[in-house]
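Have a look at the structure below, then the notes.
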Amino acid sequence: MGRVWSALVRPWVIGVLAVAVAGAGFGLYWFQPWKLWQDETVREALPGGAARPPAAAPPSGASRTPAPAGPEALASGELISHEHATSGTVKLLRLADGSHVVRLERLDTSNGPDLRVWLTDAPVKEGRAGWHVFDDGDHVSLGKLKGNKGSQNYAVPDNVDVSRFSSVSIWCDRFDVSFGAARLARV
């Protein structure tokens, strides 16, 4: 009887172990917990030199001098924390060639699976109320987050009207949650 029992139990045990190993592998792939302990620091230079504030109108009768060739700051904001502690500054810049860039400066957030930088029209809300709002309205993905620390630039596609967007989110596309966001205040 012992040999019969052993022959019946062995395939069942092997099947359970195979399912457990496959489940653990999928869970590791999906959650990527090791990223919580891995930091990626990016130090990109500001495109086109130092940012300048928007040009003021010249006094009446005065001739307008050409604007310096450098990025013009159109809007900026401070990142607030959502799902993960997040800090830094976000700037919307217009480059000398007329293109736009979203710049993250002094970014500090957790690493995670499938993080993106989104330009959105959603309001930035404090706490849990702000975790899931950014995919409710219009948003444009500017690409994968290059690193969870440092300063980095994200080109805005030419066909995007930046005046329609009021915030930037560090968005986890895998779990549909904001790690942090900033309201863009026009300068």
Side-chain angles (χ1 to χ4, degrees), residues 29-33 35-36 38-48 51-54 70-187:
Y29 165 76
W30 190 254
F31 289 98
Q32 299 178 1
K35 287 197 170 186
L36 291 174
Q38 292 177 334
D39 288 331
E40 291 183 49
T41 302
V42 175
R43 291 186 179 95
E44 286 185 329
L46 183 66
R52 60 185 171 87
E72 178 183 358
L74 301 178
S76 67
E78 293 296 319
L79 286 162
I80 65 166
S81 299
H82 282 147
E83 172 71 20
H84 292 267
T86 302
S87 63
T89 302
V90 176
K91 293 181 179 176
L92 176 61
L93 305 172
R94 181 174 37 232
L95 303 182
D97 65 3
S99 64
H100 294 91
V101 169
V102 168
R103 179 161 173 83
L104 305 178
E105 293 182 339
R106 298 178 324 278
L107 174 66
D108 188 4
T109 191
S110 298
N111 206 340
D114 207 14
L115 294 180
R116 308 280 173 160
V117 177
W118 278 14
L119 188 60
T120 78
D121 66 355
V124 176
K125 298 178 183 178
E126 297 273 344
R128 295 193 87 153
W131 287 16
H132 302 283
V133 300
F134 297 100
D135 59 349
D136 293 343
D138 259 354
H139 62 274
V140 175
S141 178
L142 303 180
K144 286 187 169 249
L145 187 68
K146 297 173 185 176
N148 63 310
K149 296 191 180 296
S151 297
Q152 46 211 269
N153 307 308
Y154 295 88
V156 177
D158 290 336
N159 62 343
V160 172
D161 178 6
V162 295
S163 66
R164 293 183 40 236
F165 298 97
S166 59
S167 60
V168 171
S169 173
I170 307 301
W171 184 259
C172 180
D173 220 17
R174 172 94 28 100
F175 296 104
D176 293 329
V177 68
S178 173
F179 273 34
R183 184 179 76 77
L184 293 174
R186 304 291 175 196
V187 289

- Message: As a quick check of understanding, evaluate side-chain contact (heavy atoms from CB on, under 4.5 Å) for L107 and T109, giving each step before the final call.
- Response: CA-CA 7 Å; L107 174 66; T109 191; 4.2 Å; yes
*salt_bridge(D114, K144) N-O dist < 4.0 Å*: yes
message = Taking atom CG as the centre, does D97 end up with more than 12 heavy-atom neighbours from other residues, nucleotides or ligands that are less than 6.0 angstrom away?
response = yes
- Query: Is there a donor-acceptor pair closer than 3.5 Å between any side-chain N or O of Q152 and the backbone N or O of G147?
  - Reply: yes
Would you kindly say whether S167 and T120 are connected by a side-chain donor-acceptor distance under 3.5 Å? yes
| query | So, H132 side chain and D176 main chain: donor-acceptor pair closer than 3.5 Å or not? | reply | yes
Heavy atoms of L115 and G112 approach each other most closely as CD1-N, 3.5 Å
Check: Under the 3.5 angstrom rule, does the side chain of D121 hit a backbone N or O of D138 as a donor-acceptor pair?
Finding: yes
Problem set entry | Steps toward side-chain contact (heavy atoms from CB on, under 4.5 Å) verdict (V102, V90) | CA-CA 7 Å; V102 168; V90 176; 3.9 Å; yes
**Request:** Report yes or no: does S81 contribute a side-chain atom to a donor-acceptor pair with the main-chain N or O of T86 at less than 3.5 Å?
**Result:** yes
Sorted by chain and residue number, the ring pair (Phe, Tyr, Trp, His ring centres under 6.0 Å) partners of H139 (sequence neighbours excluded) come out as W118
Rounded to the nearest 0.5 angstrom, the NE2-CD distance for H100 and E72 is 8.5 Å
Side chains of L104 and S151 in contact at under 4.5 Å (non-hydrogen atoms) = no
message = As a quick check of understanding, evaluate side-chain contact (heavy atoms from CB on, under 4.5 Å) for L79 and S87, giving each step before the final call.
response = CA-CA 5 Å; L79 286 162; S87 63; 5.6 Å; no
- N111 side chain to Q38 main-chain N or O, any donor-acceptor pair under 3.5 Å? yes
Distance col, row S76:OG vs L93:CG, nearest 0.5 angstrom, shows 9.5 Å
Between K146 and E40, is the closest basic N to carboxylate O distance under 4.0 Å?
-> no
Inset, instruction - Decide yes or no for L145 and Y154: does some side-chain heavy atom of the first lie under 4.5 Å from some side-chain heavy atom of the second? - result: yes
The reported gap from CG in N153 to CD in E44 (rounded to nearest 0.5 angstrom) is 5.0 Å
So CD of E83 and CD1 of I170: to nearest 0.5 Å the spacing works out to 14.0 Å
Residues P71 and P47: closest non-hydrogen pair is CG-O, 3.1 Å
Using side-chain contact (heavy atoms from CB on, under 4.5 Å), reason through V168 and L142 one step at a time and then give a plain yes or no. CA-CA 10 Å; V168 171; L142 303 180; 6.0 Å; no
Next on the checklist: For E78 and T89, which I'm curious about, is there any donor-acceptor pair between the side chains at under 3.5 Å?
Outcome noted: yes
Sequence neighbours excluded, the answer for side-chain hydrogen bond (donor to acceptor under 3.5 Å, both in side chains) partners of K125 is none
Counting only pairs under 3.5 Å, give me each side-chain donor-acceptor contact of residues 177-186, with atom names and distances, residues two or more places apart or in other chains.
from, atom 1, to, atom 2, distance (Å)
S178, OG, H82, ND1, 2.9
S178, OG, S169, OG, 3.1
S178, OG, G180, N, 3.3
S178, OG, G180, O, 3.2
R186, NH2, V162, O, 3.4
R186, NH2, F165, O, 3.1

**Asked** Can you check whether N148's main-chain N or O pairs, donor with acceptor, with D39's side chain at less than 3.5 Å?
**Response** no
